[in-house]
Protein chains: 2
Amino acid sequence: MTSRTPRPRERGIPEATVARLPLYLRALHGLSERGTPTVSSEELASVAGVNSAKLRKDLSHLGSYGTRGVGYDVEYLIYQISRELGLTQDWSVAITGAGNLGRALANYGGFGTRGFRIAALLDADPAMVGHEVAGLQVRHIDTLEDVVAKENVSICVIATPAAAAQGVCDRFVGAGVTSILNFAPMVLNVPDHVDVRKVDLSIELQILAFHEQRKAGGDKGPEWVGALDQ
Amino acid sequence: MTSRTPRPRERGIPEATVARLPLYLRALHGLSERGTPTVSSEELASVAGVNSAKLRKDLSHLGSYGTRGVGYDVEYLIYQISRELGLTQDWSVAITGAGNLGRALANYGGFGTRGFRIAALLDADPAMVGHEVAGLQVRHIDTLEDVVAKENVSICVIATPAAAAQGVCDRFVGAGVTSILNFAPMVLNVPDHVDVRKVDLSIELQILAFHEQRKAGGDKGPEWVGALDQ
DNA sequence: TCCACTTTGTGCGTGCATTCACAAGGGCGT
DNA sequence: ACGCCCTTGTGAATGCACGCACAAAGTGGA
Ligand SMILES: NC(=O)c1ccc[n+]([C@@H]2O[C@H](COP(=O)([O-])OP(=O)(O)OC[C@H]3O[C@@H](n4cnc5c(N)ncnc54)[C@H](O)[C@@H]3O)[C@@H](O)[C@H]2O)c1
Ligand SMILES: NC(=O)c1ccc[n+]([C@@H]2O[C@H](COP(=O)([O-])OP(=O)(O)OC[C@H]3O[C@@H](n4cnc5c(N)ncnc54)[C@H](O)[C@@H]3O)[C@@H](O)[C@H]2O)c1
């Protein structure tokens, strides 16, 4: 654990691994709060709900940060994963759509804790503009380009009705934003260099319904699989 | 479109396909509303934002519902996908946690439209119980088992703080619920026959931050990939 | 110093997912 | 009735992901 320079490991972390790193990070924070100094891949994998071999392979993509016979230093691993995910810097986030969902997101305390700062809450409804939500004044959508530039927004959240989502998306992209989290139930059209991730509750429920139907269907033979990956 | 019996296609739809069917369904509903009678795999794939070969292979898992040289009948395909996903029946959903998120979910109109009925909204806070949200009285968490039995709940949504999630989960599982949608930032422990899907905003943001950092990092060579799958 | 024990990091086999490319099939005009 | 054109459905190739199983490596005790 002396601070050697452990070969930053050529760029190429698998997407599946990237998606699990936040899970490990959360588990590690839990261990850290309880004062645990080191953790084995077996323990950490158990807390994070994954296979221990998978965990070790995931971590090996970042470098060799473990100690054989001992495990991983919790604080050191937290730092390394945070650095890899880009959480050692702060990110300004703009939320668009101050409706039910947008306000819930703005009120959610879980963002700030991990390097994300809600820089602005935008809405098109004049009746909404000016209201204070979670210590933030709702601003008019016309100020979008201004907000992106002045607040240095790099990630935006779209929580408008589906019909407005593509328009809002285009304006963010035009203003230089290249990461979008979309809650509107529609597929956004963006240039190749822009990343979009979507959250769609309706789709999640439909997937659950599919499996539920299969279970209830009582087909010949108990052949449904196990719990889905979390 | 005569009602033949087209061989229900042996059970075994790939999970990746199941996750995309709702996407196709949404696109088809859009086409249906605009009166489009038939659609080619190319067009539908474009609207749904996927590769057309993938779309055809996905649909082929349900059966041979297309017509070569013509495409797919929109209404017929809507019916077939709905049936496969289990949307031809209604599902009762119980939401637990009437906080910011739980209330936003309850107020969201997009559930009822596709066969999901919010049967109950549960909370542990006595001050919250009895309040009306989206035409629904918030009920006390103690009535959980009652609600599951009487309302025939098969899917539950957990929107409580993380600390309470596992306990609530256990009670739902004990009451016979086998499909869970979890918003709390923690890994739920469930028996094998229970399906859990999670939605974690914080993880989504962290994944975006990772890619954002890579883009900004300006490593040697423009070698970041494209837009993520939506 | 040496040995037994623990745990990491990874080579390898397996299976799933994606995409290409095309033969098979169906409609339509002549 | 025939042949052209369009689109589906799928074989095959490639690549990614997962998990086993083990050698390598570090610890601690004697
Ligand atoms: N509420 C939920 O639980 C939930 C669940 C799943 C999906 N969604 C989706 O999230 C989105 C928002 O849901 P909601 O329940 O908050 O809806 P909502 O109607 O409560 O809020 C939408 C807000 O967007 C604003 N808006 C409309 N057009 C705009 C524009 N062009 N620019 C900026 N703001 C604009 C409206 O003024 C309104 O305040 C919808 O697309 C919905 O389908 C919501
Ligand atoms: N609000 C968001 O945008 C957001 C985003 C991401 C994740 N989350 C997660 O969703 C969950 C809910 O978030 P929120 O913002 O609505 O929180 P909140 O504090 O506003 O609401 C939580 C509700 O759960 C109730 N509750 C507590 N213990 C309970 C129990 N044992 N049984 C039943 N109800 C109980 C509380 O009374 C409260 O009404 C949290 O786990 C949060 O981390 C929320």
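Residue numbering restarts at 1 for every chain, and letters A, B, ... go by the order of the sequence lines. Note that this is a predicted model, so its numbers are computed, not measured.
- Donor-acceptor pairing under 3.5 Å, judged by distance alone, is absent between the side chain of A/K57 and the base of C/dG9.
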Solution key, residues 87-96 of chain B side-chain donor-acceptor pairs under 3.5 Å, sequence neighbours excluded:
{"from": "B/W91", "atom 1": "NE1", "to": "B/G86", "atom 2": "O", "distance (Å)": "2.6"}
{"from": "B/S92", "atom 1": "OG", "to": "B/R117", "atom 2": "NH2", "distance (Å)": "2.9"}
{"from": "B/S92", "atom 1": "OG", "to": "B/E151", "atom 2": "O", "distance (Å)": "3.2"}

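- Here the P atom of nucleotide D/dT8 and the CG atom of B/L62 are 15 Å apart, to the nearest Å.
- Going from atom CZ of A/R214 over to atom NE2 of A/H211 covers 7.5 Å, rounded to the nearest 0.5 Å.
- By the 4.5 Å heavy-atom criterion applied to side chains, A/V187 and B/V50 are not counted as neighbours.
- The CD1 atom of B/I13 sits 16 Å away from the C1' atom of C/dC16 (whole-angstrom rounding).
- Using a 4.5 Å heavy-atom cutoff, the side chains of A/R26 and B/I203 are in contact.
- Under the side-chain contact (heavy atoms from CB on, under 4.5 Å) criterion, B/S32 pairs with B/V74, B/E75, B/I78, not counting sequence neighbours.
- Once rounded to the nearest 0.5 Å, the distance linking CG of A/L21 with CD of A/E84 reads 7.5 Å.
- When the side-chain nitrogen and oxygen atoms of A/Y72 are compared with OP1 and OP2 of C/dG9, one or more of them lie within a distance under 4.0 Å.
- Across the protein-nucleic acid pair, B/N51 atom CG and D/dT8 atom P stand 13 Å apart, rounded to whole Å.
- Atom-to-atom, NZ of A/K54 to C1' of C/dG9 comes out at 17 Å; the value is rounded to the nearest Å.
- In this entry the distance linking CG of B/L59 with C1' of D/dG9 reads 11 Å, nearest Å.
- Taking atom NE2 of residue B/H61 and atom P of nucleotide C/dC16, one finds them 11 Å apart after rounding to whole Å.
- One atom, CD of B/E15, and another, P of C/dT18, lie 12 Å apart when rounded to the nearest Å.
- The side chain of A/R20 lies closest to D/dC18, out of D/dC18, C/dG9, D/dT8.
- Following rounding to the nearest Å, A/E42 (CD) and C/dT8 (P) show an atom-to-atom distance of 8 Å.
- Here the CG-CG distance, from A/L205 to B/L85, works out to 11.5 Å after rounding to the nearest 0.5 Å.
- Comparing D/dG19, C/dT8, C/dA17 against the side chain of A/S40 picks out C/dT8 as the nearest.
- For the OP1/OP2 pair of C/dT7 and a distance below 4.0 Å, the side-chain nitrogens and oxygens of A/S41 include no atom meeting the criterion.
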Distances under 3.5 Å between nitrogen or oxygen atoms of protein and nucleotides 21-27 of chain D:
{"from": "D/dA21", "atom 1": "N6", "to": "A/R56", "atom 2": "NH2", "distance (Å)": "3.2"}
{"from": "D/dA24", "atom 1": "N3", "to": "A/R68", "atom 2": "NH1", "distance (Å)": "2.6"}
{"from": "D/dA25", "atom 1": "O4'", "to": "A/R68", "atom 2": "NE", "distance (Å)": "3.4"}
{"from": "D/dA25", "atom 1": "O4'", "to": "A/R68", "atom 2": "NH1", "distance (Å)": "3.4"}

